[in-house]
Amino acid sequence: MKVLCLWHATSGEIKYIEDAMPRGTEVVAPEGEYFSRFEGTYQQLKDHAVDADAFIGWTLPQGIPEIATKLKVLSWLHSGVDDLGQNGVLSLAKQRGFKVTNIRGANAIAVAEQAMMFMLALAKKTLLKHEVGREMGAFFPLFGEEHRSAMLDGRTLGLIGVGSIGSQIAKRAKGFGMRVLGVRRNKERPAEFVDSVHGMDELHAVLGQSDYVILATPITGETDNFFGDAELKAMKPTAFLVNIARGNLIQEKPLYDALKSGSLRGYGADVWPVYEYGKTFPANFTPRLNIQKLPNVVCSNDQSHDADGQLERYIEWGTENLAEFAADKPLTRQVNLDLGY
């Protein structure tokens, strides 16, 4: 079996994969200069790709899947696979019959902690109070609405998406004394730390009860831009919205209008809309309306997974996928090619 690392893997990373695989497995990686070691170019990968049985990595250059006619399994080192759907890899997998796995859940705790950070930063007006504190300023009058913090204790969290990440958020929210309402595609599936689970047909009812709403759902054909004007109007004007899943879950213009008008109290995000060539015009890879600069917004840029131990965990879980395939075991994290997650 030949495994191609799609990034400039270190000798230690290559050895880790070799040690986990059956004896005789060849593990290779691109060589030479690189701008980012977590990617490889077509030219660097093509000679190995043509006879590789397995791919593992974070990026997949255009043209590489097409020439990999012997490919049997792709271990994608991301939780989401929407990129693979957009560039045709999932369709190619269905056509050729190779398996696709991901590492869903590997970053669940890190992302859940980031979500809690956003809730607390919004509720406690962290950025405002930090700036005033730096200048040794004071707020007056006491308990003024413009600088009074919100509370989490006793408040309701509407959790849209109760998968591995959503479940970890629910666990932490309960630690803050919150009531947690979950919304998921299959409301019959149990969800620990969630007070009640609801279907998407009950979304607006859940939004109307929630003081905080967190989007933690995969992006699919059904959820792409699903959160718009009607959903924002269903929320309390005192509520906060957090997105730690995918930027394109939310329609940007209604979100901007709600934040500017005050009908939404605040917004926290680690993800931003992508306006792709062919789907939109003009193409853009940052918010068109500069939402990130509004005073009631706190943000980061795809940083929720950038935490201690995450790189090692990604490679560990991705390697487990390959080891399961090599041992002809059921693939724990196999992607449903029809559902797209």
Side-chain angles (χ1 to χ4, degrees), residues 78-82 101-120 122-123 152-228 230-232 234-236 239-250 267-271 304-305 313 317 332-336 338-341:
H78 297 278
S79 295
V81 295
D82 44 295
T101 63
N102 62 8
I103 46 98
R104 56 182 178 268
N107 62 2
I109 294 175
V111 176
E113 289 185 359
Q114 189 88 348
M116 297 304 297
M117 179 275 292
F118 281 131
M119 277 208 298
L120 287 165
L122 288 166
L152 273 63
D153 182 63
R155 305 313 191 260
T156 297
L157 168 62
L159 191 56
I160 318 305
V162 196
S164 56
I165 292 172
S167 297
Q168 291 291 343
I169 294 172
K171 179 180 180 180
R172 284 151 181 79
K174 297 306 287 184
F176 279 86
M178 302 187 78
R179 173 185 177 225
V180 181
L181 307 180
V183 176
R184 70 188 324 172
R185 186 172 177 270
N186 181 5
K187 68 178 183 181
E188 304 305 322
R189 288 175 54 197
E192 194 177 7
F193 305 110
V194 176
D195 293 287
S196 61
V197 182
H198 306 264
M200 287 298 290
D201 59 329
E202 301 172 88
L203 173 63
H204 285 199
V206 170
L207 294 176
Q209 299 179 61
S210 301
D211 302 292
Y212 300 83
V213 174
I214 296 181
L215 301 184
T217 186
I219 190 163
T220 66
E222 294 178 352
T223 60
D224 188 6
N225 277 280
F226 85 102
F227 207 95
E231 287 68 35
L232 289 160
M235 294 178 64
K236 298 178 180 180
F240 298 102
L241 177 63
V242 172
N243 186 2
I244 46 79
R246 286 291 187 270
N248 285 47
L249 293 171
I250 303 179
Y267 180 61
D270 186 50
V271 290
S304 60
H305 68 287
R313 184 185 293 260
W317 286 33
T332 305
R333 305 180 192 96
Q334 183 170 352
V335 172
N336 185 312
D338 294 318
L339 293 177
Y341 59 89

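Both backbone and side-chain heavy atoms feed into the values below; hydrogens, waters and symmetry mates do not.
- Side chain of Asp270 to backbone of Ser304: a donor-acceptor contact under 3.5 angstrom is found.
- The salt bridge (Lys or Arg N to Asp or Glu O under 4.0 Å) contacts involving residues 168-179 comprise Lys174-Asp195, where partners must be two or more places apart or lie in separate chains.
- From Ile244, atom CD1 reaches atom CG of Leu249 across 9.5 Å, with rounding to the nearest 0.5 Å.
- Once rounded to the nearest 0.5 Å, the distance linking CG of Asn243 with CD1 of Ile250 reads 4.5 Å.
- At a threshold of 4.5 Å between non-hydrogen side-chain atoms, the residues Thr217 and Phe227 do not count as touching.
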Stepwise side-chain contact (heavy atoms from CB on, under 4.5 Å) test for Tyr341 and Thr220: CA-CA 8 Å; Tyr341 59 89; Thr220 66; 3.7 Å; yes
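- Residues Leu152 and Ala123 share a closest heavy-atom pair of CD1-CB, 3.8 Å.
- For the residue pair Ala115 and Ile169, the shortest heavy atom distance occurs at CB-CD1, 3.8 Å.
- Between Leu241 and Leu232, the closest side-chain pair of non-hydrogen atoms falls below 4.5 Å.
- Between Asn102 and Arg104, the side chains place a donor N or O and an acceptor N or O closer than 3.5 Å (distance only, hydrogens not considered).
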I'd like a table of donor-acceptor pairs (distance under 3.5 Å, sequence neighbours excluded) in which one partner is a side-chain atom from residues 185-192, with atom names and distances.
from, atom 1, to, atom 2, distance (Å)
Asn186, OD1, Glu188, N, 3.1
Lys187, NZ, Glu202, OE2, 3.3

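- In terms of the ring-ring contact (aromatic ring centres under 6.0 Å, His included) criterion, Phe118 has no residue partners (sequence neighbours excluded).
- Between Asn225 atom CG and Arg246 atom CZ the span is 14.0 Å, to the nearest 0.5 Å.
- Nearest approach of Ala173 to Val180, heavy atoms of both residues: CB-CG2, 3.9 Å.
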Pair Phe226-Leu215, side-chain contact (heavy atoms from CB on, under 4.5 Å): steps then yes or no: CA-CA 11 Å; Phe226 85 102; Leu215 301 184; 4.3 Å; yes
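- At distances below 3.5 Å, not a single donor-acceptor pair connects side-chain atoms of Glu113 with backbone N or O atoms of Ala110.
- Interatomic distance, Asn248 CG to Ile219 CD1, rounded to the nearest 0.5 Å: 5.0 Å.
- Heavy-atom minimum distance, Val183 versus Gly199: CG1-O, 3.8 Å.
- Leu122 has its side chain out of reach of Tyr212: every pair of non-hydrogen atoms, C-beta onward, lies at least 4.5 Å apart.
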Working for side-chain contact (heavy atoms from CB on, under 4.5 Å), residues Ile165 and Asn107: CA-CA 8 Å; Ile165 292 172; Asn107 62 2; 3.9 Å; yes
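- Not a single ring-ring contact (aromatic ring centres under 6.0 Å, His included) links Tyr267 to another residue, sequence neighbours left out.
- Side chain of Ser210 to main chain of Met235: no donor-acceptor pair is present (N/O by atom type, distance under 3.5 Å, no hydrogens or angles).
- At least one side-chain heavy atom of Leu157 sits under 4.5 Å from a side-chain heavy atom of Met119.
- Residue Ser79 holds its OG atom at 10.0 Å from CZ of Arg333, rounded to the nearest 0.5 Å.
- Of all heavy-atom pairs spanning Gln168 and Ala112, the tightest one is CB-CB, 3.6 Å.
- By the side chain to side chain contact (heavy atoms under 4.5 Å, CB included) test, Ala106 is found to be paired with Ile103, Arg313, Tyr314, Trp317, residues two or more places apart in sequence or in another chain being considered.
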Stepwise side-chain contact (heavy atoms from CB on, under 4.5 Å) check, Phe240 with Asp211: CA-CA 6 Å; Phe240 298 102; Asp211 302 292; over 6 Å; no
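- Exactly one residue among Thr156, Leu181, Val197 makes a side-chain contact (heavy atoms from CB on, under 4.5 Å) with Val206. That residue is Leu181.
- Checked against side chain to side chain contact (heavy atoms under 4.5 Å, CB included), Ser167 has the following partners two or more places apart in sequence or in another chain: Val162.
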